[in-house]
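Input: a single structure, listed below in structure tokens.
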Amino acid sequence: MQGGTTKSIAPMRFQLKNTAIAVSTPLRRWGKLLTGVVLLFLVITSPSPALASKSFRYKQVVEEARLLAEKSFEEPHKLPEFLSELNYDQWRSIRFKSENALWREEKIPFEVQFFHPGSFYNISVIINVVESGEVKPVHFSPDLFHYGMNEFKDKLPADLGFAGFRLHYPINTGKYYDEVVVFLGASYFRAVAGKQQFGLSARGLAIDTAIESGEEFPYFSKFWLVRPQAKADTITVFALLDSRSLTGAYQFGIKPGSPTIMDVTATLFLRKTVKKLGIAPLTSMFFYGENKNIRPVDDFRSEIHDSDGLQIATAADEWVWRPLINPERLLVTSFQLNNPKGFGLFQRDLDFDHYQDLEALYHKRPSTWIIPENEWGEGRVELVQIPTDSEKNDNIVAYWVAAKSPEAGEQITYSYR
């Protein structure tokens, strides 16, 4: 399995999974109860003036995003037709050679493997490594991959680039480097905690989700991977976001474990006014479960879902739990509140007997909890539920929307864990 990439990525569709928290749980006990949860801490802040100017730092990414926002948006380069027309099975048969993993021969606990462009993943991204403050590009080569059933290796351009990458770390045992974080497709990224299977996803940003004008999908166009030190338990990744409406600079501080924690810093520059800007978007799948949804007559499994509910913690220490459904038509629900203490999509039901699926292992899917690092002010948590007739489609989206829509020329900052 390549990064749990068994689901199609389509407009307004997402994924996350794994932990049960009682609605009455006090906030001070989060640290003990969130074992098995993927924590995403998106921090959208201004760069520190104390950063050194001679080595590559986050402030350089911020400056690149600012300059890019002053230019008109340019569509990403298209892949050769024979790559973009690959079906999913053909693309999945292209495998990265693990012996070529970045840092494989070095005495650090992280390794990096790369994804080949093609099929759904039709945008090539630039990937760099930062070592001792210096930027070094990671060059594409067909020799890095096995091509399986495909016979086009000799036709590939030398500057093709990669579709994304995955981070490996010994999260379960000290002897094996598990696949723990994947950045692949638009601004999607996903992670697991110890002893979990990939499930729901996060995104860098959601723009105009579930409105008549249609959703806009920003994408990460460039990454910088900072080489960790020996015995490091955290890795830093920088990313450049681009879209018609805005640009963004991101910094991810990733610490795999139980839970897996991601501290993300992002600075956004608006090219034009956005009707709805979704902060810390989460994407998941709910096909059917213990509620009124009826399972297909030809399926023996009692429940099929990556997440089974949205949970919210208010500033007044009140907890809200909204079970997910597979609606008959598009359903958008808003929860108005000021300065939320947290929200997330959860897979509370961890009983194998309720799924009976030895392949998908839905009882091992992670949950993701978002904790704001500062006051977000007035706004709403919005839950989008989309009808689906298949477990292959992500049909659940949740994110934060500020009460005031951002305008062209604005610089926006947020922080969350």
First locate atom OG of Ser245, then atom NZ of Lys275, and finally report the distance between them rounded to the nearest 0.5 Å.
10.5 Å
Within the distance-only criterion (no hydrogens, no angle test), does the side chain of Thr267 pair as donor or acceptor with the backbone N or O of Ala249 below 3.5 angstrom?
no
Does atom CD of Glu378 have more than 12 heavy-atom neighbours from other groups under 6.0 Å away?
no
Can you tell me how far the CD1 atom of Ile412 sits from the CG atom of Leu270, to the nearest 0.5 Å?
4.5 Å
State the CZ-CG distance between Arg322 and Leu345, to the nearest 0.5 angstrom.
13.0 Å
Between Glu216 and Arg271, is there a side-chain N and carboxylate O pair less than 4.0 Å apart?
no
For residues 243-255, which residue pairs pass the salt bridge (Lys or Arg N to Asp or Glu O under 4.0 Å) check, not counting sequence neighbours?
Glu75-Arg244, Asp233-Lys255
Does the pair Lys364/Asp357 count as a salt bridge with the N-to-O cut at 4.0 Å?
no
Between Asp178 (side chain) and Pro170 (backbone), is there a donor-acceptor pair under 3.5 Å?
no
NZ/NE/NH1/NH2 to OD/OE distance under 4.0 Å, Glu70 and Arg66
yes
Among side-chain atoms of Ser84 and Asn122, is any donor-acceptor pair under 3.5 angstrom?
no
Shortest non-hydrogen separation from Val181 to Ala191 and the atoms involved
CG2-CB, 4.0 Å
Can you name the nearest heavy-atom pair linking Phe114 to Phe96, along with the distance?
O-CB, 3.5 Å
For Asn128 and Val130, indicate whether the former's side chain and the latter's backbone hold a donor-acceptor pair under 3.5 Å.
no
Tell me, please, which residues at least two apart from Tyr355 pass side-chain hydrogen bond (donor to acceptor under 3.5 Å, both in side chains).
Gln347
Can a side-chain donor-acceptor contact be found between Tyr58 and Thr236 if the only test is distance below 3.5 angstrom?
no
